[in-house]
Amino acid sequence: QLQVVESGGGSAQPGGSLTLSCAASGRTYAMGWFRQAPGKEREFVAQIPWNENKAYYSGLVKGRFTLTGDSAENTVHLHMNNLQSEDTAVYYCAVRSTRRVKYDYWGQGTQVTVSS
């Protein structure tokens, strides 16, 4: 059973920055982040498949968020800049353990709140 542990999050003012980190306890095919705001469905934020070593982003965050990671350590970091109130949500780290599955392991979630 693969464990997914998140850290970071918290509060920021509009225009501010935060970084989320995630570590998986075993081998992964891809890692990413999703978020869920109150009353809304969970949505994709960013992901990085290790065989491509390239990050993909939701149009809502592209240009403001940067996903970096280390495939050997199975860790990713989501650097969030120019945060807006619409970014307020619980952020979940997600893992694809193999290429044959969708995201099959999830972290417990970490709250990000953007307000003045």
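Just the heavy atoms: all of them, side chains too, but no hydrogens, waters or symmetry mates, feed the values below.
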Discussion item. Any non-hydrogen side-chain atom of N53 less than 4.5 Å from a side-chain atom of I48?
Written reply: yes
Fill in: Side-chain (D104) to main-chain (S97) donor-acceptor, under 3.5 angstrom
yes
Practice prompt. Starting at CZ of R96, measure out to NZ of K102 and round the result to the nearest 0.5 Å.
Written response: 9.5 Å
Worksheet item: Atom OH of Y103 and atom SG of C93: how far apart are they, to the nearest 0.5 Å?
Response: 9.0 Å
Worksheet item: Going through the checks in order, is the side-chain contact (heavy atoms from CB on, under 4.5 Å) test met by Q111 and T88?
Response: CA-CA 8 Å; Q111 178 70 44; T88 295; 4.0 Å; yes
Worksheet item: Is there a path from F34 to L83 through hydrophobic residues (I, L, V, M, F, W, Y) whose side chains come within less than 4.5 Å of each other?
Response: no
Practice prompt. Measure across T75 and W50 and return the closest heavy-atom pair with its distance rounded to 0.1 Å.
Written response: O-CH2, 3.7 Å
Discussion item. Within the 4.5 Å heavy-atom criterion, are F65 and S58 side-chain neighbours or not?
Written reply: no
Worksheet item: When rounded to the nearest 0.5 angstrom, what distance separates CZ in R42 from OH in Y91?
Response: 13.0 Å
Discussion item. Looking at N82, is its backbone amide N or carbonyl O close enough to the side chain of R64 to form a donor-acceptor pair, meaning the two atoms are under 3.5 Å apart?
Written reply: yes
Worksheet item: For the residue pair V112 and G9, what are the closest heavy atoms and their distance?
Response: CG2-CA, 4.1 Å
Response to the item:
Looking only at heavy atoms, the pair that brings L2 and T28 closest together is CD1-CG2, 4.1 Å
Item to complete: Quick one: sort the W106 and Y92 rings into parallel, tilted or perpendicular, breaks at 30° and 60°.
Response: perpendicular
Worksheet item: Is a side-chain N or O of E6 found less than 3.5 angstrom from the main chain of V4, in a donor-acceptor match?
Response: no
Worksheet item: If you take all heavy atoms of G15 and Q84, which pair is closest and at what distance?
Response: N-NE2, 4.2 Å
Worksheet entry | Taking every non-hydrogen atom, the tightest pair across L18 and G10 | CD1-O, 3.9 Å
Discussion item. Tell me whether the count of non-hydrogen atoms from other residues, nucleotides or ligands lying under 6.0 Å of CD in E41 goes above 12.
Written reply: no
Item to complete: Would you check if the side chain of S116 reaches a backbone N or O of Q13 as a donor-acceptor pair within less than 3.5 Å?
Response: no
Response to the item:
Rounded to the nearest 0.5 Å, the OH atom of Y29 sits from the CG atom of N51 at a distance of 4.0 Å
Practice prompt. Check whether Y57 and V114 end up in the same hydrophobic cluster, where Ile, Leu, Val, Met, Phe, Trp and Tyr are linked by side-chain heavy atoms less than 4.5 Å apart.
Written response: yes
Discussion item. Donor-acceptor check, side chain of Q3 to backbone of S25, threshold 3.5 angstrom: yes or no?
Written reply: no
Practice prompt. To the nearest 0.5 Å, tell me how far Q47 CD sits from L67 CG.
Written response: 9.0 Å
Item to complete: Locate the shortest heavy-atom distance separating A30 from P49; write the atom from each residue and the value.
Response: CB-CA, 3.7 Å
Discussion item. Could you tell me if the side chain of V61 sits less than 4.5 Å from the side chain of M80, heavy atoms only?
Written reply: no
Worksheet item: Roughly how far apart are L60 CG and F44 CZ, rounded to 0.5 Å?
Response: 11.0 Å
Discussion item. For a 4.5 angstrom cut-off between non-hydrogen side-chain atoms, does H79 reach S17?
Written reply: no
